[in-house]
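Numbering starts at 1 and runs along the sequence shown. As the structure lists them, so they are numbered: ligands from 1, and atoms in each ligand from 1.
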Amino acid sequence: MMHTRYIKSIFWIQIFFQLISIEVRSHEITNVKLNPHPTPDQLAWLEQSDIGFLIHYNMATYIPVEYDGCNRVPSLVPDIDLFYPDTVDTDNWVQTFVDTGAKYAILVAKHNCGFATWPTNVHFQLTTNETINYNYSVTYSPVSDTDYVDHFVDSCNQAGIKTGVYYSAIWNNWLNVQDARVQPGPLAPGQMPITQETYESIVLQQLEELWSNYGPLLEIWFDGGYSQSLKAGISMLVQKYQSNASIFNGFGLTNNSIRNIGNEFGYANEDTWLTVNDDGQEDPNGNHYSVPECPTTLQVSDRWFYGGADFPIRPLQELIDTYHTTVGRNCKLVFDLAVGRDGLVDQKHAIRYKEFGDYIRDCYGKPLASEFNCSGNICILRFPSTQLADRVVIRENLRSPSGASIRQWSLDGLMMWGDCLSCWIPIPPAKGQSIGNKRIVLFGEAVLMQGIRFNVYSTVGGPPVLAQFDAYLCQ
Ligand SMILES: *[C@@H]1O[C@H](CO)[C@@H](O)[C@H](O)[C@H]1NC(C)=O
Ligand SMILES: *[C@@H]1O[C@H](CO)[C@@H](O)[C@H](O)[C@H]1NC(C)=O
Ligand SMILES: *[C@@H]1O[C@H](CO)[C@@H](O)[C@H](O)[C@H]1NC(C)=O
Ligand SMILES: *[C@@H]1O[C@H](CO)[C@@H](O)[C@H](O)[C@H]1NC(C)=O
Ligand SMILES: *[C@@H]1O[C@H](CO)[C@@H](O)[C@H](O)[C@H]1NC(C)=O
């Protein structure tokens, strides 16, 4: 058997590493520093949801395909009459969340063009002294009598999907705002002349509408953040209306902060941590929880708005790999839903997401074994009989006094080796530093074993306490 030969070849290496690990254990640093703990809201967010959605359905759905939103085209103010869908069926969107296994969804209520998909009542003064309604909104479009934020929230509530809203606070082409500042110089066609002060007042009033009218939000999304001059105002509104929401890019604004992983490809480093230092930078020993979120697209080329029926989407295997480089590494996976021009999910997108959801349910639905016992820095997962396994899922109990205390670990399999019927043999790729909320360890091949041993070599702030340690065979 292939496997036996491979095991023999690593036997002496194994002896060597055991000597080393005894050495490491005897020198283990006992650090008295206590780990921080997530807030109750962060815990709820961490525990209930591995996958979320970010819904891109707005004015930019209807602009020429060479643009993916109004981003970096400051003079582009699409004609309001372009926003003219046949049907918008938010239940149809929610079906894809359910099929994918997502538990929360965040709707882009205003993107960078400036168009609002809810009937905003904000009015304001132009520099000409004329007072106008915020009339770049669904109310003034051909489908005037609609509130898409309301439809979205209703559909989600019915399916038990938690909701969030995205409001771009630093871009607004209609109001000639780039990078949080009203731009100097001549206006492009369709743009409204306002002062910086007026802009900031509009942002706060619209956030108040979104945060006070649609129930409690699980997540608030600040793409690119918000300007320092708005911080006090936003902070007040958060406290008043959505103190329980987790906030993407919210470090310094709330204790329920979510950290942006920093890329849009669905990739977290193998060892990804839940905490940050006082500057908001990832740090295993940081004093604050700011849990990472990994947003990514289904369409290729980092495309967020619908690119048309012929725009390529990523293959299933790539989505599965993405799950393992995000959820499997302590990061929440947020998929894009690029709703089509008819207001529905493209069938091709819906099918691909369902294939992905089916894979995850099949693979992780039923563990081979999940009864483990721990003593000190070692936990053992015993199988009812000898079987093939190709991965484990490990989670630390973030509610325990230790919190996320593990800093270095490895896995051994209990298997047959030569004359020995049950020897602990290292599973080569199965070692690392972080566990945290969730770590999925792929062995790269199916291994025949009677059990798995989790060895912890280094901890900070207390002994390891696991919430989950189980094994699967998915190939
Ligand atoms: C707007 O009103 C202010 C104060 O009443 C006045 O000083 C200013 O000249 C007006 N601007 C225009 C363009 O009419
Ligand atoms: C919004 O108001 C401005 C200023 O009065 C006007 O020029 C523009 O045509 C209005 N837009 C719509 C869609 O009503
Ligand atoms: C926040 O959560 C607490 C505890 O569940 C609840 O009592 C409170 O009403 C929530 N606050 C908001 C603004 O939803
Ligand atoms: C965050 O937590 C700290 C420490 O518990 C507390 O002093 C502070 O008021 C909290 N901030 C917010 C915005 O809730
Ligand atoms: C787990 O329990 C078994 C017997 O039930 C015992 O032999 C083993 O030493 C225990 N392992 C740990 C790590 O406590």
*Give the ring-plane orientation class for Phe335 versus Phe53, where under 30° counts as parallel, over 60° as perpendicular and anything between as tilted.*
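Answer is tilted, since the angle falls between 30° and 60°.
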*From atom 14 (O) of ligand 4, work out which of Asn256, Asn287, Asn255, Leu253 has a heavy atom at the shortest distance.*
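Among Asn256, Asn287, Asn255, Leu253, the closest heavy atom to atom 14 (O) of ligand 4 comes from Asn255.
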_Considering Asn135, Ile80, Asn133, Leu126 one by one, which has a heavy atom nearer to atom 3 (C) of ligand 2 than any of the others?_
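Selected option, by shortest heavy-atom distance: Asn135.
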*asked:* At less than 4.0 angstrom from any non-hydrogen atom of Gln239, what atoms of ligand 4 do you find?
replied: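 In order of numbering, the contacting atoms are 13 (C).
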Residues [X] and [Y] bridged, charged N to O under 4.0 Å:
X      : Y      : value
Glu282 : Arg259 : yes
Glu47  : Arg399 : yes
Asp179 : Arg72  : no

*Think Arg303 forms a cation-pi with Phe311, using NZ or CZ under 6.0 Å from the six-ring centre and within 45 degrees of its axis?*
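Yes.
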*What about Thr254: any of its N or O atoms under 3.5 Å from an N or O on ligand 4?*
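By distance alone, the answer is no.
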*Is the closest protein non-hydrogen atom to atom 11 (N) of ligand 4 under 4.0 Å?*
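Yes.
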Starting from [atom], which protein heavy atom do you reach first, and at what distance in Å?
atom                    : value
atom 2 (O) of ligand 1  : Asn129 ND2, 2.2 Å
atom 7 (O) of ligand 2  : Met192 CE, 4.2 Å
atom 4 (C) of ligand 2  : Ile132 CG2, 3.7 Å
atom 13 (C) of ligand 1 : Thr127 O, 3.8 Å

_Below 3.5 Å, N or O to N or O, backbone or side chain included: is there any such pair between Glu130 and ligand 2?_
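Indeed, backbone or side chain, Glu130 has an N or O that close.
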*asked:* With a 6.0 Å cut-off (strictly less than), is the heavy-atom count around CD of Gln48, excluding the residue itself, greater than 12?
replied: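 For Gln48, atom CD is crowded (more than 12 foreign heavy atoms under 6.0 Å).
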*Stepwise salt bridge (Lys or Arg N to Asp or Glu O under 4.0 Å) check, Asp470 with Arg395*: CA-CA 9 Å; Asp470 48 21; Arg395 302 178 55 224; over 6 Å; no
